[in-house]
Amino acid sequence: QLQLVESGGGLVQPGGSLRLSCAASALSLDYYTIGWFRQAPGKEREGVSCRSSNGVGTNYADSVKGRFTISRDNVKNMIYLQMSNLRPEDTATYSCAARTDPFSPFCTLNEGHYISWGQGTQVTVSS
C-alpha cells in the first residue's frame, strides 16, 4: 500500500503563506489521483484540493479557490499544497491522500474515494 508522509505545517499569521509537502512511496505518481483534506477541531474532514492522475484535472473547495494550489513532482514523488493569503478559518490538520486511478483526467474531493492516507500535519493561522 502507498505510504504518504506530510510535512510543512506550522504557525503562520493571517495573510501569510505555507507550502505543505507529502512524500509518496510510489514508483510513479502518474497512476494516482491525489488529494488534500483538512479537519478542524470539532468539525468533519473536508476536501481541499485534488489532482487527477494524468495531471489534467484539478478541483478546489470554494473556500480555498484562488488561494491554494495543488501540484506534484513526479521525479521526487512529492505532492504539494501551496497555501497563500491564509485565514484563521484555514486552521486544521491537513492530510494528503491517494488512490490508484491510472490515466484518469478526473479527481474528486470525496474522501471515500481515497485508499491511502498520511498522518497529517497541523496548520495554525493566528496572530
Side-chain angles (χ1 to χ4, degrees):
Q1 186 172 345
L2 183 67
Q3 303 297 315
L4 301 170
V5 180
E6 302 93 338
S7 61
L11 174 64
V12 62
Q13 292 186 343
S17 298
L18 275 178
R19 188 179 78 160
L20 304 183
S21 300
C22 176
S25 63
L27 293 177
S28 174
L29 288 175
D30 287 338
Y31 299 108
Y32 292 88
T33 296
I34 57 176
W36 283 98
F37 294 78
R38 67 185 182 186
Q39 187 168 21
K43 294 187 176 181
E44 293 186 353
R45 185 159 55 189
E46 65 169 337
V48 174
S49 180
C50 64
R51 185 183 178 104
S52 65
S53 60
N54 73 353
V56 172
T58 57
N59 280 319
Y60 294 91
D62 288 343
S63 59
V64 306
K65 281 180 181 177
R67 301 189 298 122
F68 290 12
T69 303
I70 189 171
S71 63
R72 71 183 187 199
D73 184 327
N74 286 352
V75 174
K76 297 180 179 179
N77 281 347
M78 296 290 292
I79 304 160
Y80 302 104
L81 185 68
Q82 179 67 48
M83 306 185 296
S84 302
N85 192 20
L86 283 161
R87 305 166 180 170
E89 54 264 39
D90 294 319
T91 295
T93 298
Y94 286 72
S95 301
C96 60
R99 176 186 171 123
T100 306
D101 286 316
F103 315 116
S104 173
F106 306 108
C107 71
T108 176
L109 295 180
N110 180 354
E111 65 175 285
H113 180 78
Y114 294 85
I115 303 299
S116 301
W117 291 82
Q119 83 290 348
T121 185
Q122 177 66 37
V123 172
T124 303
V125 184
S126 175
S127 56

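Note that the numbering runs from 1 along the sequence shown for the chain.
Of the possible donor and acceptor atoms, one in the side chain of N59 sits under 3.5 Å from a partner among the backbone N and O of C107. With hydrogens and angles ignored, the 3.5 Å screen pairs no side-chain donor or acceptor of S127 with any backbone N or O of Q13. Within the 3.5 Å criterion, the main-chain N or O of C22 finds no donor-acceptor partner in the side chain of E6. Proximity of a side-chain donor or acceptor of S53 to a complementary backbone N or O of F103 within less than 3.5 Å is detected.
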Using the side chain to side chain contact (heavy atoms under 4.5 Å, CB included) rule, take V123 and D90 through it: C-alpha gap first, then chi angles, then the decisive distance, then the call. CA-CA 8 Å; V123 172; D90 294 319; 5.6 Å; no
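Note: I79 CD1 to L20 CG = 11.5 Å, rounded to the nearest 0.5 Å. A distance of 10.5 Å separates OG of S52 from CG of D30, quoted to the nearest 0.5 Å. Between Y32 atom OH and L4 atom CG the span is 9.0 Å, to the nearest 0.5 Å. Remark: M78 CE to S7 OG distance equals 5.5 Å, nearest 0.5 Å. Atoms CD1 and CZ, from I115 and R99 in turn, are 5.0 Å apart once rounded to the nearest 0.5 Å. Taking OG from S17 and CG from N85, the interatomic distance works out to 8.0 Å, rounded to the nearest 0.5 Å.
F68 and Y94 have tilted rings, their planes meeting at an angle from 30° to 60° on a 0 to 90° scale. Relative orientation of the Y114 and F37 rings is perpendicular, given thresholds of 30° and 60° on the angle between their planes.
With a 6.0 Å radius and a threshold of 12 heavy atoms from other residues, nucleotides or ligands, E89 has its CD atom above the threshold.
K43 meets the side-chain hydrogen bond (donor to acceptor under 3.5 Å, both in side chains) test with no other residue; sequence neighbours excluded. Considering only residues two or more places apart in sequence or on other chains, R19 meets the side chain to side chain contact (heavy atoms under 4.5 Å, CB included) condition with S21, Y80, Q82.
Follow the hydrophobic side-chain contacts under 4.5 Å out from W36 and you reach V12 in the same cluster.
Classification of D62 and K65 as a salt-bridged pair holds, one side-chain N sitting under 4.0 Å from a carboxylate O.
Between L86 and R67, the shortest heavy-atom distance links the atoms CA-NH1, 3.9 Å. Among all heavy-atom pairs drawn from R72 and N54, the shortest one is NH2-C, 4.0 Å. Contact between D101 and H113 at its shortest, heavy atoms only, is OD2-NE2, 2.8 Å. Between E111 and R45, the shortest heavy-atom distance links the atoms OE1-NH2, 2.9 Å. Taking each heavy atom of N74 and L29 in turn, the nearest pair found is OD1-CB, 3.7 Å. Considering every non-hydrogen atom in both K76 and D73, the closest pair reads N-OD1, 3.1 Å.
When side chains are defined from C-beta on, S126 counts as touching L11, because their heavy atoms get closer than 4.5 Å. The shortest side-chain heavy-atom distance between E46 and R38 falls under the 4.5 Å cut-off. Residues S49 and V64 form no side-chain contact, since every pair of their non-hydrogen atoms from C-beta on lies 4.5 Å or further apart.
For the side chain to side chain contact (heavy atoms under 4.5 Å, CB included) with Y60, the qualifying choice from L109, T69, V48 is T69, the only one to do so.
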